[in-house]
A.B. asks: 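Structure provided below as structure tokens; questions to follow.
For the single chain, residues carry numbers from 1 onward in sequence order. In what follows, every heavy atom counts, from backbone to side chain, and hydrogens, waters and symmetry copies are set aside.
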Amino acid sequence: NMFMKQMKFLLVALMAVVMSVSVTSCMKSENESSYDLGIYATVVDNMTVTLLSDDGNVYYPENPAALKVSGETPYPKRVFAYLKYAEGVTAASEKKIVTVVQSGSLYTRSLCTQPDTIKNDIPLAGLSEFVLVDTKQVLYTNVPAYCNVLFSLYIDDSTVIVDLVPVTASGNELTVKLQQTIGNTVKLQQTIGNKDASYTTSGYASFSIPSVSEINRVLAEIHKDSEEVPVLTSVGGKIKIKIIGEGKNQQAYTLSAKEVQIDN
């Protein structure tokens, strides 16, 4: 039924957040000699499947099917993968052909374009760092830019959704808030992360960034009752993104702005 499907999604999403971080140490100890590197990457399926690493390198897997989650047909949008260079290939090679030794899909959502559906904002346990993936720098014009965030949250036998929500804009700088939330599609309160929980867990989530015009549509909706509606303007096709968050007792988290190229 619909409730079970929603719960399954929430549970899988949470497991992806936790596993994307915790799996690293486990896999490395068991496969010390079987891989050359581990990467966070965007999966690009344009005739030939490639991996766009968060550091800007492109990898060409000889066994791309290994990137698929068991039972699923499409490739995941984002993965953490352990790779082995093909014979004769090194980190310095122009074309980096690899074998996927092991991989796992990452928790992936879009920047929230419906903030009016968010009913709760549970305090974060921490907000550590973020990386912007500029896909257009390596000619992937049809692949969205991603904002990848490392954070900690409170959890106590419950499931959570993590959203990145537009707040305001000034010039070419967009301020977004990382929130531990739940949307209006799930009604039961027990599925919300417990703000009083003593247990915390770390996560790594990837958020695709829509166009400037779509972001401005959302900002206009958020600030529709304000005297002045903030407008985001790109400079040379680029914007800056600043992330904020809130912990217990209104503790403020702020991560300095970083630049990324996106569609207008």
Side-chain angles (χ1 to χ4, degrees), residues 13 16-17 19-21 23-24 37-61 64 67-69 74-83 91 94-96 98 100 103-113 127-151 162-166 169 172-178 202-215 218 232 234-245 255-264:
V17 171
M19 287 299 292
S20 67
V21 174
V23 76
T24 305
L37 73 161
I39 62 169
Y40 290 100
T42 301
V43 181
V44 184
D45 187 7
N46 286 349
M47 303 294 286
T48 299
V49 175
T50 57
L51 289 171
L52 171 58
S53 175
D54 286 5
D55 62 11
N57 285 306
V58 179
Y59 297 90
Y60 298 82
L67 298 167
K68 294 184 178 182
V69 178
Y75 289 97
K77 295 177 181 179
R78 295 271 303 159
V79 295
F80 180 84
Y82 284 103
L83 308 176
E94 184 174 348
K95 187 170 184 179
K96 297 175 174 59
V98 296
V100 179
S103 76
S105 59
L106 296 175
Y107 179 89
T108 307
R109 290 173 67 79
S110 172
L111 182 74
C112 183
T113 56
L127 183 54
S128 306
E129 187 52 82
F130 76 110
V131 173
L132 290 172
V133 180
D134 196 339
T135 58
K136 291 175 177 51
Q137 291 282 11
V138 285
L139 305 181
Y140 286 123
T141 56
N142 61 336
V143 179
Y146 281 93
C147 182
N148 308 311
V149 191
L150 183 63
F151 56 90
V162 181
D163 272 305
L164 198 60
V165 184
N172 71 328
E173 183 172 290
L174 173 68
T175 299
V176 294
K177 183 178 182 181
L178 187 72
S202 296
Y204 185 90
S206 295
F207 299 91
S208 58
I209 309 300
S211 65
V212 172
S213 58
E214 177 67 6
I215 292 171
V218 178
L232 179 68
S234 65
V235 176
K238 296 182 178 182
I239 66 168
K240 294 179 180 179
I241 295 179
K242 180 174 72 175
I243 298 182
I244 62 174
L255 300 182
S256 299
K258 296 180 180 178
E259 193 173 65
V260 66
Q261 184 173 346
I262 66 172
D263 294 328
N264 285 317

A.B. asks: Among residues at least two apart in sequence or on other chains, which ones pass salt bridge (charged side-chain N to carboxylate O under 4.0 Å, His left out) with Asp263?
C.D. replies: Lys136
A.B. asks: Using a 4.5 Å cut-off on heavy atoms from C-beta on, say whether the side chain of Val98 contacts that of Tyr82.
C.D. replies: no
A.B. asks: Walk me through it: do Leu111 and Val176 pass the test side chain to side chain contact (heavy atoms under 4.5 Å, CB included)?
C.D. replies: CA-CA 9 Å; Leu111 182 74; Val176 294; 3.9 Å; yes
A.B. asks: Within 45 degrees of the ring normal and closer than 6.0 Å to the centroid, is that where the cationic atom of Arg78 sits relative to Tyr146?
C.D. replies: yes
A.B. asks: Does the pair Phe151 and Ile243 meet the rule for a side chain to side chain contact (heavy atoms under 4.5 Å, CB included), with working shown?
C.D. replies: CA-CA 11 Å; Phe151 56 90; Ile243 298 182; over 6 Å; no
A.B. asks: Any heavy-atom pair between the side chains of Leu52 and Val143 that's under 4.5 Å?
C.D. replies: no
A.B. asks: Could you pull out all residues at least two apart from Leu132 that satisfy side-chain contact (heavy atoms from CB on, under 4.5 Å)?
C.D. replies: Phe130, Cys147, Ile241, Lys258, Val260
A.B. asks: Using 0.5 Å steps for rounding, measure from the OG1 atom of Thr108 to the CZ atom of Phe207.
C.D. replies: 9.0 Å
A.B. asks: Ignoring hydrogens and angles, tell me if any N or O in the side chain of Tyr204 forms a donor-acceptor pair with the backbone of Tyr107 under 3.5 Å.
C.D. replies: no
A.B. asks: Return the minimal non-hydrogen interatomic distance between Leu106 and Tyr40, and the atom names on each side.
C.D. replies: CD1-CD2, 3.7 Å
A.B. asks: Show the numbers, then the answer: is there a side chain to side chain contact (heavy atoms under 4.5 Å, CB included) between Leu51 and Leu83?
C.D. replies: CA-CA 11 Å; Leu51 289 171; Leu83 308 176; 4.0 Å; yes
A.B. asks: Using a cut-off of 6.0 Å, state whether more than 12 heavy atoms not belonging to Lys240 lie near its atom NZ.
C.D. replies: no
A.B. asks: Where is the tightest heavy-atom contact between Pro74 and Lys68, given as atom of each residue plus distance?
C.D. replies: O-CG, 4.2 Å
A.B. asks: Quick check for you: to the nearest 0.5 Å, what is the distance between Thr135 atom OG1 and Asn142 atom CG?
C.D. replies: 8.0 Å
A.B. asks: When rounded to the nearest 0.5 angstrom, what is the spacing between CG in Asn57 and CD1 in Ile39?
C.D. replies: 8.5 Å
A.B. asks: What distance separates Leu127 CG from Ile244 CD1, expressed to the nearest 0.5 Å?
C.D. replies: 9.5 Å
A.B. asks: Which pair of heavy atoms, one from Cys112 and one from Pro166, lies closest together, and at what distance?
C.D. replies: O-CD, 3.1 Å
A.B. asks: Please round to the nearest 0.5 Å and tell me the distance separating atom CD1 of Ile209 and atom CD of Glu214.
C.D. replies: 12.0 Å
A.B. asks: Restricting to non-hydrogen atoms, name the atom on Pro210 and the atom on Ile262 that form the minimum distance, rounded to 0.1 Å.
C.D. replies: O-CD1, 3.5 Å
A.B. asks: Using only heavy-atom distances, determine whether the side chains of Ser206 and Asn148 contain a donor-acceptor pair under 3.5 Å.
C.D. replies: yes
A.B. asks: Which atoms form the tightest heavy-atom contact between Ser53 and Ala41, and what is the distance?
C.D. replies: CA-CB, 3.9 Å
A.B. asks: Please enumerate all residues that pass salt bridge (charged side-chain N to carboxylate O under 4.0 Å, His left out) together with Lys177, with sequence neighbours excluded.
C.D. replies: Asp121
A.B. asks: CD1/Ile215 to CG/Leu232 distance, rounded to the nearest 0.5 angstrom?
C.D. replies: 5.5 Å
A.B. asks: Evaluate side chain to side chain contact (heavy atoms under 4.5 Å, CB included) for Ser234 paired with Asn172, printing each intermediate quantity in order.
C.D. replies: CA-CA 5 Å; Ser234 65; Asn172 71 328; 5.8 Å; no
A.B. asks: Return the minimal non-hydrogen interatomic distance between Tyr75 and Val43, and the atom names on each side.
C.D. replies: CB-CG1, 3.8 Å
